[in-house]
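Okay, structure first, notes after.
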Amino acid sequence: QVQLVESGGGLVQAGGSLRLSCAASGRTISGYAMGWFRQAPGNEREFVAGISWSGGITHYADSVKGRFTISRDNAKITVYLNMNSLRLEDTAVYYCAARNLAAVTTTPTLYNYWGQGTQVTVSS
């Protein structure tokens, strides 16, 4: 089993920035792609960003391109999501996910492990 723990969420004003972290423990995630998803009340869980095992390939939802950056530190077994120019519509619970394949995917059902989520609230 892989355990994922997100941190870094909170309340921020529109236009501000936050950095989310996802620390992995338990079974190794060597070779795993990682992703960030979010879910707002009444909405389905949606893909935000993903990164391949090597970190060489990243993929973003159109809504966050140019504002969010995903990165990973395989030595620290941690994945990050830097979020800039936050908007009201970015308010959601953000989840980290791990996939036991190296390639990125936007499909949540193809991820094997999930964290508990961290709340991000953007205020006006």
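As a basis for the values below, the full set of heavy atoms in this structure was taken, side chains included, without hydrogen atoms, waters or symmetry mates. Just so it is clear, the model here is predicted, and its values are computed rather than measured.
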Self-check item: Same apolar cluster (I L V M F W Y, side chains within < 4.5 Å links), V79/V120
Solution: yes

Quiz item: Got a sec, which residues hit side chain to side chain donor-acceptor pair (under 3.5 Å) with R87, two or more places apart in sequence or on another chain?
Solution: none

Quiz item: What about Y80 and Y94, same hydrophobic cluster or not, with Ile/Leu/Val/Met/Phe/Trp/Tyr joined at side-chain heavy-atom distances under 4.5 Å?
Solution: no

Quiz item: If you group Ile, Leu, Val, Met, Phe, Trp and Tyr whenever their side-chain heavy atoms sit less than 4.5 Å apart, what else falls in with V104?
Solution: F37, F47, V93, Y95, Y111, W114

Quiz prompt | Residue pairs involving residues 1-12 (criterion side-chain hydrogen bond (donor to acceptor under 3.5 Å, both in side chains); sequence neighbours excluded) | solution = none

Quiz prompt | Nearest-0.5 Å distance that lies between atom CG in L18 and atom OG1 in T118 | solution = 8.5 Å

Quiz prompt | Sidechain-backbone polar pair: T105 side chain, T107 backbone, donor-acceptor under 3.5 Å | solution = yes

Practice problem: Heavy atoms only: give me the nearest S21-W36 pair and the separation to one decimal. | Solution: O-CH2, 3.7 Å

Exercise. Hey, could you give me the OG1/NZ distance between T58 and K65, rounded to the nearest 0.5 Å?
Key: 9.5 Å

Quiz item: Within a reach of under 6.0 Å around CD of Q119, are more than 12 heavy atoms found that belong to other residues, nucleotides or ligands?
Solution: yes

Quiz item: Listed by chain and number, what are the side chain to side chain contact (heavy atoms under 4.5 Å, CB included) partners of A40, not counting sequence neighbours?
Solution: N43, A92

Self-check item: Main-chain N/O of I70 paired to Y60 side chain as donor or acceptor, under 3.5 Å
Solution: yes

Quiz item: Which residues satisfy the side chain to side chain contact (heavy atoms under 4.5 Å, CB included) test with S54, sequence neighbours excluded?
Solution: S52

Quiz prompt | From R38 atom CZ to E44 atom CD, the distance as rounded to the nearest 0.5 Å | solution = 14.0 Å

Exercise. Heavy atoms only: give me the nearest V2-L4 pair and the separation to one decimal.
Key: CG1-CD2, 3.8 Å

Quiz item: What's the spacing between Q39 CD and E46 CD if we round to 0.5 Å?
Solution: 9.5 Å

Self-check item: Nearest-0.5 Å distance, OG of residue S123 to CG of residue L11
Solution: 4.5 Å

Practice problem: Please report the closest heavy-atom contact between A33 and A102, naming both atoms and the distance. | Solution: CB-O, 3.5 Å

Quiz item: What pair of heavy atoms forms the shortest contact from V48 to V64, and how long is it?
Solution: O-CG2, 3.5 Å

Practice problem: Group every Ile, Leu, Val, Met, Phe, Trp and Tyr by side-chain heavy-atom contacts under 4.5 Å, then state whether Y113 and W53 land in the same group. | Solution: no

Exercise. Go through the steps for D90 and R67 under the test side-chain contact (heavy atoms from CB on, under 4.5 Å), then give the verdict.
Key: CA-CA 11 Å; D90 293 319; R67 300 188 299 121; 2.7 Å; yes

Practice problem: Working to the nearest 0.5 Å, report the span between CG of L20 and OG1 of T78. | Solution: 13.0 Å

Self-check item: Heavy-atom pair of closest approach, residues A49 and L81
Solution: CB-CD1, 4.1 Å

Quiz item: Should side-chain heavy atoms under 4.5 Å link Ile, Leu, Val, Met, Phe, Trp and Tyr, which residues sit in the same cluster as L110?
Solution: none

Practice problem: Answer yes or no: does atom CD1 of I57 have more than 12 heavy-atom neighbours from other residues, nucleotides or ligands under 6.0 Å? | Solution: no

Quiz item: If you count the non-hydrogen atoms of other residues, nucleotides and ligands that lie under 6.0 Å from CD in Q13, is the total more than 12?
Solution: no

Quiz item: What is the minimum heavy-atom distance between A98 and M34, and which atoms define it?
Solution: CB-SD, 3.5 Å

